[in-house]
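See structure below.
Throughout, numbering of the chain's residues begins at 1 and tracks the sequence. Counting convention: from 1, in listed order, for ligands and their atoms alike.
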Amino acid sequence: MLHDKENIMVILSSPSGVGKTTLTKKIQQKYKNFKISVSHTTRIPRSNEVDGVDYHFVSKEKFKELIDKGKFYEYAKIFENYYGTLKKNVDETIQDNDILFDIDWQGTKQLSKFNNLNLIKIYLITDKNDLKSRLIKRNQNTQEEIKKRFNSFDEDIQHWKDYDYIIINKNLENCFRQIEKIIELNKIKSNISFQKTQ
Ligand code: 5GP
């Protein structure tokens, strides 16, 4: 069993380069009870990334071993690399904290199958024309990677229907305010239904 408490799990998904990392950091700063779920990945770390903080960076062999042992709640292959969320980490964190997941639509689908979760699914979208300049500006990917990420946009946004909330990211502050409202509303809802079960 995953959890039956009032703590909530918020998934934030978006096409690559929409500004999700900045938003997740802002959420964590404002809501001290939120912990960001640190995924495992086979991707090579970027220069600014820290193992154990941004991701747990592991080899393909190690990742496969974790799959075979059934250790993941969800995992997906994205741009030739694997990304996944360990059961153990989620089960421990949710006892005392709310959790924020930065995962894609494939992982969201898999997590949605666990219907005892207090899952709130948010999809963040941006104008396609803004996206390429963002991807180039953040300067974290090679030309080839930028092309791949940009091309995945059309496929990615087809999954918006699997989410509870869609936010158009025209302006980061605005977007953050909408996320605040969603979090606060769902915390209240969750507390009420938790109290009813006591
Ligand atoms: P990046 O390589 O830019 O850090 O992440 C690429 C994509 O992988 C992002 O869309 C991010 O949301 C997704 N991602 C990161 N961790 C996970 C995970 O554990 N599971 C899934 N399904 N997607 C993830």
With sequence neighbours excluded, tell me which residues meet side chain to side chain donor-acceptor pair (under 3.5 Å) with [X].
X      : answer
Thr108 : Ser13, Tyr163
Asp102 : Lys20
Glu155 : His159

Under 3.5 Å, is there a donor-acceptor pair between the Glu6 and Ser190 side chains? no

Can a donor-acceptor pair be found between the side chains of Glu173 and Asn171 at a distance below 3.5 Å?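 Absent: no donor and acceptor within the cut-off.
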
Would you say the side-chain atoms of Asp164 pair up with the backbone N or O of Lys121, donor to acceptor, closer than 3.5 Å?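 Such a contact is found between Asp164 side chain and Lys121 backbone.
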
Within the protein, residues bringing a heavy atom under 4.0 Å of ligand 1, chain by chain: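 Residues near ligand 1: Lys20, Ser39, Arg43, Arg46, Tyr55, Glu74, Ala76, Ile78, Tyr83, Gly84, Thr85, Asp102, Ile103, Asp104, Gly107, Arg149.
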
